[in-house]
Participant: 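Pasting a structure here, questions to come.
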Number of protein chains: 2
Amino acid sequence: MPHNVTIEDIAAEAGVSRQTVSRAMNGMPRISEKTRARVLEVSERLGYRPSRFASNLARVAKAKTVGLVVDSLRNPYYSELAAELLDAASLNGWQLTISSHENEPVLPMVARLAGEVDAVVGYFGEDNEEELLAAARGVPVVLLGRTATVPGLHSVDIDFDSGFVALIDELRRRGAARFGMLESHIHGTEYAPSSRRLAYERSTEHPSSSAVIVCEAEMQSVDAGEAGMHALLDRYPDTDTVIAFSDLMAMGALRAAHSRGIDIPSRLKVVGIDGLSLGAVTSPALTSLAIVGSPIIEQVAEVVRAALQPGAVGEQHRRAIPAPLWRESA
Amino acid sequence: MPHNVTIEDIAAEAGVSRQTVSRAMNGMPRISEKTRARVLEVSERLGYRPSRFASNLARVAKAKTVGLVVDSLRNPYYSELAAELLDAASLNGWQLTISSHENEPVLPMVARLAGEVDAVVGYFGEDNEEELLAAARGVPVVLLGRTATVPGLHSVDIDFDSGFVALIDELRRRGAARFGMLESHIHGTEYAPSSRRLAYERSTEHPSSSAVIVCEAEMQSVDAGEAGMHALLDRYPDTDTVIAFSDLMAMGALRAAHSRGIDIPSRLKVVGIDGLSLGAVTSPALTSLAIVGSPIIEQVAEVVRAALQPGAVGEQHRRAIPAPLWRESA
DNA sequence: ATGAAAGCGCTAACAA
DNA sequence: TTGTTAGCGCTTTCAT
């Protein structure tokens, strides 16, 4: 059983001390080119791989990495969110490790992640807060899209109410009068109104906001949006403005409108939620209540930055206000 | 200067040994519920965060993490690739940390990554192999989309020639006769024919394969594809089959065809490259030469698995054959 | 330019 | 159930 090759082996083989090996491997000064070359040659020959754990343990400037938990990177909402967090991470000198709970139960995943990262941020659906906290074993956790209720958990929630007010106001100014909404319901789960629907209903007046179609979404929510749009147009033919649960669903809605020969936005306005850059390439380009590309990531970065501070204490709760992103469809 | 709180502090405060603290924190057996609770209480009160470096150093089953380097997660090709690698990672018990070289030069990024992961895989464009190898400091590197030429670097290349043969054959069987291609050229860089274009030209006969339009792509290559399609239809009006550099460009091509009232696929077949799941929601759904969703990730996972083996020696070179994904547009 | 000593903070194996 | 003894493999500081 050939034991793992360590810095000690390289030092011995090259006839130098461990520090010299360290200097050579890390491109540090105070070493002659000659010895450096020799050490590098030896280390390559023996297949030496420095232990990142040992080196970070000894080093004073330790690497920082934040873990992101999402449903699936196949959903463009999460991949754009990840892209933004990646920007923030690079700005702050963090690494970003991503996990999706597509294949794995959340709690074990968080427990595993906790052994590899310095903070965990993510969407955790309905997961129990106490259990999350316990699974994280001291690693700070930031809940996205909901407000944490137990002490010790940070959160960045989304203030749909404020976002909707701005959106509906401007839509009205543009002539919107009879609203409809395409709500989403993940197939096979028990239905509960989403915070998006609730905000929609609060921000529109009653008779119009009764025009809600609950779409049974599976993976491909574009299709659900298309079907939902047909249902909505059948049931509430005089609707002039449709707000979809997500941009993906709105894209389906656009398709349904197309197939019926309905002109957008003159006859019907369509608005998504999310603010995906993907929405720029539909025709017409999709107007959206933007979460991604708005201040949410700023907030997350600030919370993480604070939580990563050595003496950090207490939790932070923030709310990000989604902002309408006006393109052509409304 | 309050030093970092360590296991020692908790042990002292709780009046137990370090080992007992370890048992409590990690949910290990052989500890009474009473002491566990007390230790947990203390650790929470003092804000104890176990050092993942120390724990992994001491632990025999160390965490494995692989680093993925991509252009940008905003590009669905990379995010779907990442999603697949995430699946493979979860299957193998790895973590996945992602870096994009959107904001950061590659070499320093690889150097940083190398201190945090056990293997690096990624698209490295034109980057110098020797420099990459040096930056990785002993951490295995897997090049994607090209074949490594220096010893020490692994690679998984894409065999477009084989893929194109299968694609073109079947297209011909379906009536394709005059081919055209929409090639991509990243704006502001020197142009060199892509391996996709070369494979296309090899697999089609000459006069038809001269129908190549080089599109100046920026971020949003959908637009480039749209413009390119118009140019192609103007210049080679009798083209009956168009192959685009990517699915995104093919989506633009679809849009151009739409706006000209050209029916797809009866009058014109359109094929993308990449195999994005996004292609399923265009109308008509996009046929594509699939890279993502085909064996490429298998190959990558195998190479990484081998490279992660303690005594691993030598490098691996593999080729993945893209497979046509027949949907409606062809 | 190089080396020796002293940790970094934890877990594994064994003893009590 | 709990504690003791050894490391894990590297970097830092200080000599030389």
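Chain A is the first sequence line, chain B the second, and so forth, proteins listed ahead of strands; every chain is numbered from 1.
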Participant: When only distance counts, do a donor and an acceptor, one from the side chain of Q19(A) and one from the base of dA1(C), lie under 3.5 Å apart?
Facilitator: no
Participant: Output one line per pair: protein atom, nucleotide atom from nucleotides 14-16 of chain C, and distance, for all N/O pairs under 3.5 Å.
Facilitator:
none

Participant: For side chain to side chain donor-acceptor pair (under 3.5 Å), just list the numbers for T65(A) and E116(A), CA-CA rounded to whole Å, side-chain angles, deciding distance to a tenth of an Å, and then say yes or no.
Facilitator: CA-CA 8 Å; T65(A) 118; E116(A) 265 292 75; over 6 Å; no
Participant: Is it true that R18(B) and E8(B) have a side-chain N and a carboxylate O under 4.0 angstrom from each other?
Facilitator: yes
Participant: Please list, chain by chain and in numerical order, all residues satisfying ring-ring contact (aromatic ring centres under 6.0 Å, His included) with F124(A), sequence neighbours excluded.
Facilitator: none
Participant: Is the closest side-chain heavy-atom distance between I297(A) and L81(A) below 4.5 Å?
Facilitator: yes
Participant: Would you find more than 12 non-hydrogen atoms of other residues, nucleotides or ligands less than 6.0 Å from E298(A) atom CD?
Facilitator: no
Participant: Please state whether the phosphate of dT11(C), meaning OP1 or OP2, lies under 4.0 angstrom from any side-chain nitrogen or oxygen of S22(B).
Facilitator: yes
Participant: List the atom of L133(B), the atom of P151(B), and the distance in Å for their closest heavy-atom pair.
Facilitator: CD2-O, 3.4 Å
Participant: Taking only heavy atoms on the protein side, list every residue of residues 38-48 of chain B lying under 4.0 Å from any atom of DNA chain C, sorted numerically.
Facilitator: Y48(B)
Participant: Under 3.5 Å, is there a donor-acceptor pair between the side chain of Q95(B) and the main chain of A63(B)?
Facilitator: no
Participant: Is the side chain of D159(A) donor-acceptor paired with the backbone N or O of R319(A) at a distance under 3.5 Å, no angle test?
Facilitator: no
Participant: For DNA chain D, find the residues of residues 9-17 of chain A with a heavy-atom distance under 4.0 Å and give them by number; none if there aren't any.
Facilitator: none
Participant: What is the nucleic acid contact for M28(A), judged by heavy atoms within less than 4.0 Å: base, sugar-phosphate only, or nothing?
Facilitator: sugar-phosphate
Participant: Nearest-Å distance, CZ (R137(A)) to P (dC10(C))?
Facilitator: 13 Å
Participant: Find the distance between OG1 (T147(B)) and CG (D157(B)) and round it off to the nearest 0.5 Å.
Facilitator: 3.5 Å
Participant: Are D87(A) and R74(B) close enough for a salt bridge, meaning some N to O gap below 4.0 Å?
Facilitator: yes
Participant: Might you confirm whether atom CD of E41(A) has over 12 heavy atoms from other residues, nucleotides or ligands at distances under 6.0 Å?
Facilitator: yes
Participant: Salt bridge check: are R36(A) and E33(A) linked by an N-O gap of less than 4.0 Å?
Facilitator: yes
Participant: Looking at every heavy atom in both A307(A) and P140(A), which two are closest together, and how far apart are they?
Facilitator: CB-CB, 3.8 Å
Participant: Can you tell me how far the CD1 atom of I158(A) sits from the CD1 atom of I296(A), to the nearest 0.5 Å?
Facilitator: 4.0 Å
Participant: Pull out every residue in residues 56-66 of chain A that has a heavy atom closer than 4.0 Å to any atom of DNA chain C, ordered by number, or say none.
Facilitator: L57(A), A58(A)
Participant: Going 5' to 3' along DNA chain D, which are the first and last nucleotides with any atom under 4.0 Å from a heavy atom of chain B?
Facilitator: dT1(D) to dG9(D)
Participant: Between I31(B) and R49(A), name the one whose nearest nucleotide on DNA chain D is closer to the 5' end.
Facilitator: I31(B)
Participant: Could you check whether any side-chain N or O of K64(B) sits under 3.5 Å from a backbone N or O of W94(B), counting only pairs where one atom can act as donor and the other as acceptor?
Facilitator: no
